[in-house]
Amino acid sequence: MKSINHIHIPRCSGIYIKSHVVNDLKAKKIPYFATNHGEVFSETFKDKRFISGHFGLTPLKYRDDLINVCLVRDPVDRFISNFIYMHKSYKGLHLDAQLEQWVNNKDQHNLQAKNLNKSLNEDLYNSLNHGTERALKGWCLEDGPINMSEVKDLIDSMYLVNTIDNHKQFIDDLNELLHSTFGFYSFSNRNQINENFSIMTISKDMRKKIEELNSLDMEVYDYVKSKV
């Protein structure tokens with residue numbers, strides 16, 4: 001039986017995708033694992049027909065039968081959206097001061113490329129409480145150089161990959177995949193792509209700095225754009 005693995009890069013519409021699809025999986029009693037609030041072990045992904053989370057390549061370590069799908073996003077937009085999501089309680093100058101710290105946090109750099117090349121450090125991931133601590137650690141992906149050749153090979157092998165710019169097309173294609181795999185269509189409510197999808201205004205210098213610190217994510221984004 002075919003199983004779908006949604007590689008959920010943070011702030012790339014994963015909440016929207018998960019919230020719709022999981023409801024239909026529940027109704028059909030189809031086994032799934034789509035949370036970042038539980039621990040991850042070698043048995044976690046066994047027999048699951050739908051997987052979605054900030055797990056990087058971890059499910060691929062334990063399964064060789066997965067249909068991989070993924071959305072990527074303009075790296076600066078994604079970086080700022082992730083920052084806003086993690087700093088909801090800050091306003092005004094406090095938010096600007098926090099952004100300076102966030103930009104210089106290496107754990108937050110190139111998260112798109114990391115998710116497409118690294119698995120979880122499972123010991124670290126499981127030692128932290130809930131999603132927030134994991135998010136602050138860049139979702140506990142393994143350290144080490146990112147192999148961009150492997151990233152592009154993975155992108156080439158994916159059943160479905162697109163950019164947020166083509167969100168509607170991605171959802172249409174994913175819907176067809178869901179129907180052919182599980183026998184249902186999802187996404188009855190398409191009005192909101194994701195919660196807190198807004199972008200704060202930043203200076204040209206800050207944008208340039210974010211681009212430079214996320215140069216591998218820029219390469220990922222441009223590569224996916226070239227293929228769709």
Side-chain angles (χ1 to χ4, degrees), residues 2-28 30-38 40 45 48-59 66-88 108 111-116 130-132 134-135 138-139 141 155 158-200 214 217 220-221 224-225 227-228:
K2 294 190 293 183
S3 299
I4 299 173
N5 176 42
H6 169 222
I7 301 175
H8 178 188
I9 294 170
R11 308 312 297 159
C12 289
S13 195
I15 296 173
Y16 172 86
I17 292 168
K18 182 171 65 175
S19 63
H20 283 79
V21 176
V22 164
N23 287 334
D24 293 302
L25 294 169
K26 287 180 179 177
K28 294 281 189 177
I30 297 171
Y32 67 90
F33 187 78
T35 178
N36 287 102
H37 302 306
V40 168
F45 307 106
K48 301 300 188 295
R49 302 289 312 285
F50 182 83
I51 298 166
S52 180
H54 307 313
F55 309 130
L57 302 188
T58 308
L66 297 175
I67 301 170
N68 297 307
V69 303
C70 183
L71 264 175
V72 303
R73 184 173 177 183
D74 174 272
V76 178
D77 289 351
R78 193 214 66 82
F79 191 88
I80 295 297
S81 179
N82 196 31
F83 165 73
I84 295 172
Y85 187 74
M86 294 300 299
H87 296 79
K88 292 177 181 177
Q108 303 302 325
L111 277 185
Q112 300 193 86
K114 287 179 184 176
N115 270 276
L116 298 176
H130 215 258
T132 301
R134 293 165 179 164
W139 291 104
L141 295 168
I155 291 170
M158 285 185 184
Y159 183 89
L160 177 59
V161 61
N162 216 317
T163 70
I164 288 288
D165 314 81
N166 298 314
H167 188 267
K168 182 182 182 300
Q169 184 61 57
F170 179 86
I171 294 301
D172 287 345
D173 293 341
L174 179 58
N175 233 349
E176 292 300 327
L177 177 60
L178 292 169
H179 185 256
S180 65
T181 305
F182 304 130
F184 65 75
Y185 289 107
S186 192
F187 304 102
S188 57
N189 177 10
R190 300 195 183 195
N191 292 331
Q192 188 170 349
I193 292 178
N194 207 340
E195 61 185 76
N196 190 27
F197 208 72
S198 61
I199 297 298
M200 66 186 291
N214 293 272
D217 277 6
V220 167
Y221 180 64
V224 173
K225 283 200 301 182
K227 297 182 63 66
V228 298

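These numbers were taken from a predicted model, which means no experiment stands behind them.
- Classification of the Trp139-His54 ring pair by plane angle, with boundaries at 30° and 60°, yields tilted.
- Counting only heavy atoms from C-beta outward, the side chains of Ile84 and Arg11 never approach each other to under 4.5 Å.
- Not one N or O on the side chain of Asn162 forms a donor-acceptor pair closer than 3.5 Å with the backbone of Leu71.
- Under the 4.5 Å side-chain criterion, counting only non-hydrogen atoms from C-beta, Asp165 is not in contact with Val228.
- Looking only at distances, a side-chain donor or acceptor of Asp74 sits under 3.5 Å from a matching main-chain atom of Asp77.
- In this view, Ile67 and Lys2, Tyr159, Leu177 satisfy the side chain to side chain contact (heavy atoms under 4.5 Å, CB included) rule, not counting sequence neighbours.
- Ring pair Tyr16/His20 is tilted by interplanar angle, where 30° to 60° counts as tilted.
- Looking at heavy atoms from C-beta onward, Thr58 lies in side-chain contact with Phe45 at the 4.5 angstrom threshold.
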Show the atom names and distances, to 0.1 Å, of all donor-acceptor pairs under 3.5 Å that link a side chain in residues 21-28 to residues at least two apart or in another chain.
unit_1	atom_1	unit_2	atom_2	d
Asn23	ND2	Ser19	O	3.0
Asp24	OD2	Ser186	OG	2.6

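- Residues meeting the ring-ring contact (aromatic ring centres under 6.0 Å, His included) test with Tyr221, sequence neighbours left out: none.
- Taking 4.5 Å as the limit, every side-chain heavy atom of Asp172 sits out of range of all side-chain heavy atoms of Phe187.
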- Would you sort out whether Ile17 and Ile171 count as a side-chain contact (heavy atoms from CB on, under 4.5 Å), showing the intermediate values? CA-CA 8 Å; Ile17 292 168; Ile171 294 301; 4.1 Å; yes
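- At distances below 3.5 Å, not a single donor-acceptor pair connects side-chain atoms of Asn36 with backbone N or O atoms of Gly131.
- Of the possible polar contacts, one joining the Arg78 side chain to the Pro10 backbone as a donor-acceptor pair under 3.5 Å is found.
- Distance alone, capped at 3.5 Å, is enough to place a donor-acceptor pair between the Gln108 side chain and the Ala135 backbone.
- The only member of Ser13, Ser52, Cys70 that meets side-chain contact (heavy atoms from CB on, under 4.5 Å) when paired with His8 is Ser52.
- Contact check for Ile30 versus Phe184: side-chain heavy atoms found under the 4.5 Å cut-off.
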